[in-house]
There are 2 protein chains.
Amino acid sequence: MSSSFQPTEQRLAVTRRRHPAFPYHSAVLVRLVKHIYKRVHDDTNLLLKPWGINHPEYNLLMMLYGTEDNALYASQLSEAAGEKSANITRLTNELCRKGLIERSLDEGDRRKVALSLTEQGLATIESFLPAMRGLLDQQASGLTEAEMTQLRRLLKKFLDQLDRG
Amino acid sequence: MSSSFQPTEQRLAVTRRRHPAFPYHSAVLVRLVKHIYKRVHDDTNLLLKPWGINHPEYNLLMMLYGTEDNALYASQLSEAAGEKSANITRLTNELCRKGLIERSLDEGDRRKVALSLTEQGLATIESFLPAMRGLLDQQASGLTEAEMTQLRRLLKKFLDQLDRG
DNA sequence: GCGAGTTAGTTCAGAAATGAAATATTAACG
DNA sequence: CGTTAATATTTCATTTCTGAACTAACTCGC
C-alpha cells in the first residue's frame, strides 16, 4: 500500500482537488515512469560496477550484441539506445578506450562511423550476462506473463502518442 | 508499426533468439520506460523554457504545490520528486535564487530544512499550468481512461517489485 | 560537375547529477 | 548526563549529459 510512490501520488491528488481540470492521471503516469527509470538506472549501475561498466554503456553494448554482425552505425546506435548523438560519441569513445568496441569508417559513405564489438567486448558481455539476467528476472518477477504483455502494449501506445506529438 | 522503439525491440529480439534464457520481456519493458522517460523529459524541458524552469524544477514546484501549506522538508521533497538529496540541495538553491521558493529552519528539529513556495513561485505555477495541462493532456491522449488506469496499476506493481528487490 | 542544401559525427563549453565525505543536530542508552 | 549512534542536509570533486557550433562527406537539380 505505501509504496515509494505514495508521497508523490498524494501530492498530485491534492493538486487535482484544487484544480479539477489538472490532468491527474497523465501526471501520475509520467511520475511513475520517472521513478521506475531512476530506480532501474541505479540498480543496473550497481550491478555492473564489478565489470567497470555503467547502465548507458551496457545499453550500447547490448544493442550491438543484438545485431547479426555485432555492428551498427553511430546514428543507429543512437536511436536504438535512446541516447543523443553527442552522448554516443562520448560513450563510444569510452568503450573504445576500454577495448570493448572499435570504430571503423564505412567505405560506401565515409561520413558514417560503424561501431562493432571486439572479442573482448563479446567476452565481457557473456561474462556479465548471467548476473544481468538475474536482475532483469527479478525486476519483472512481480508481474505475470500476461501482465507484462499488457504493460508492454500500453507503454508502446503511450510512446507512440509521444512520437506523434 | 514502426515506432521509435522498433529498432530497440529488434535488437532485443535477436539477443533472445541467440540466448533463449535472456529475459526479453523484462528487457523490453525497461527499455520502453527509458525511452518514454527521456522523451517526456525533453518535451517538458522545451515547454517550460519560456518560464526559465526545467523539468526537475517543475517537479519540485508541483510537489510543494500539492501540499496544504505549500511546504515540505527537503527529505520529503527528495522522496516525492524522486531526486537524491544532494540534487535537492542544488535544485532548491536554484529555485531560491529565482525567488520561487524559500528555505526555513524547523524550530522543532533544527536539522530539518523546510522549503516553501513564495508568492512569486505560486504565481509562476499558475502561469505555466495551462500550458503544462495541455502537454499532459496530449501525452495521454493516445490512451483511453480505462487504459490509463490499467497502465497505472501495472506500473505501480512493477515499481513495488523494484522497491522490494 | 558545381553550388545549395542534407546528413553524419565530433567538439566544446556549460549544465545537471552523483557519491562520498563533512557538518550539524537530535535520539538512544547505559 | 555523556558519549555513541542515527538522521538531515550540504559540500565538493568528479562524472554524465546536453545544445549549439563545427567539419566532413554526400545528394540533388540544373
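In what follows, every heavy atom counts, from backbone to side chain, and hydrogens, waters and symmetry copies are set aside. In what follows, every chain begins at residue 1, and chains take the letters A, B, ... in the order their sequences are listed.
- Scanning atom types as modelled, no donor and acceptor separated by under 3.5 angstrom connect the side chain of B:Arg111 and the base of D:dT9.
- Contact check, B:Lys112 against D:dT9: no side-chain N or O comes under 4.0 Å of OP1 or OP2.
- Taking atom NZ on B:Lys84 and atom P on C:dA20, their separation rounds to 10 Å, with Å as the unit.
- Between A:Asn54 and the phosphate of D:dT16, there is a side-chain N or O to OP1/OP2 separation shorter than 4.0 Å.
- Two residues, B:Val113 and A:Glu57, neighbour DNA chain D, and the one matched to the more 5' nucleotide by heavy-atom proximity is B:Val113.
- With the nearest nucleotide of DNA chain C identified for both A:Lys49 and B:Asn87, B:Asn87 has the one nearer the 5' end.
- Cation-pi check for B:Arg16 over B:Phe22 is not met; the charged atom does not lie both under 6.0 angstrom from the ring centroid and within 45 degrees of its normal.
- Protein atom CZ of A:Arg97 is 15 Å distant from nucleotide atom C1' of D:dT16, rounded to whole Å.
- Atom CG in A:Leu105 sits roughly 14 Å away from atom C1' in D:dT23 (whole-Å rounding).
- Atom CD1 of A:Ile53 and atom P of D:dT16 are 12 Å apart (whole Å).
- One can place CG of B:Asp109 at 20 Å from P of C:dT23, the figure rounded to the nearest angstrom.
- Between B:Arg110 and the phosphate of C:dT25, there is a side-chain N or O to OP1/OP2 separation shorter than 4.0 Å.
- When each of B:Ala86 and B:Asp106 is assigned the nucleotide of DNA chain C with its nearest heavy atom, B:Ala86 is the one assigned upstream, toward the 5' end.
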(message) Set out, in order, the CA-CA distance, both residues' side-chain angles and the distance that settles side chain to side chain donor-acceptor pair (under 3.5 Å) for B:Tyr73 and B:Glu79, then state yes or no.
(response) CA-CA 10 Å; B:Tyr73 294 124; B:Glu79 189 181 19; over 6 Å; no

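- Cation-pi check for A:Lys34 over B:Tyr37 is not met; the charged atom does not lie both under 6.0 angstrom from the ring centroid and within 45 degrees of its normal.
- Between A:Lys156 and A:Asp163 no salt bridge is recorded (no basic side-chain N to carboxylate O distance below 4.0 Å).
- Using a 4.0 Å cut-off, no side-chain N or O of B:Arg103 falls inside it from OP1 or OP2 of D:dA8.
- Taking atom CZ of residue A:Arg39 and atom P of nucleotide C:dT18, one finds them 14 Å apart after rounding to whole Å.
- Atom P of nucleotide C:dA8 and atom CG of A:Leu72 are separated by 14 Å, given to the nearest angstrom.
- At least one side-chain nitrogen or oxygen of B:Ser75 sits closer than 4.0 Å to the OP1 or OP2 atom of D:dT9.
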(message) Set out, in order, the CA-CA distance, both residues' side-chain angles and the distance that settles side chain to side chain donor-acceptor pair (under 3.5 Å) for A:Thr92 and A:Arg103, then state yes or no.
(response) CA-CA 8 Å; A:Thr92 53; A:Arg103 276 194 171 75; 3.0 Å; yes

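- Residue A:Arg90 places no side-chain N or O under 4.0 Å from the OP1 or OP2 atom of C:dT10.
- Across the protein-nucleic acid pair, B:Tyr37 atom OH and C:dA16 atom P stand 12 Å apart, rounded to whole Å.
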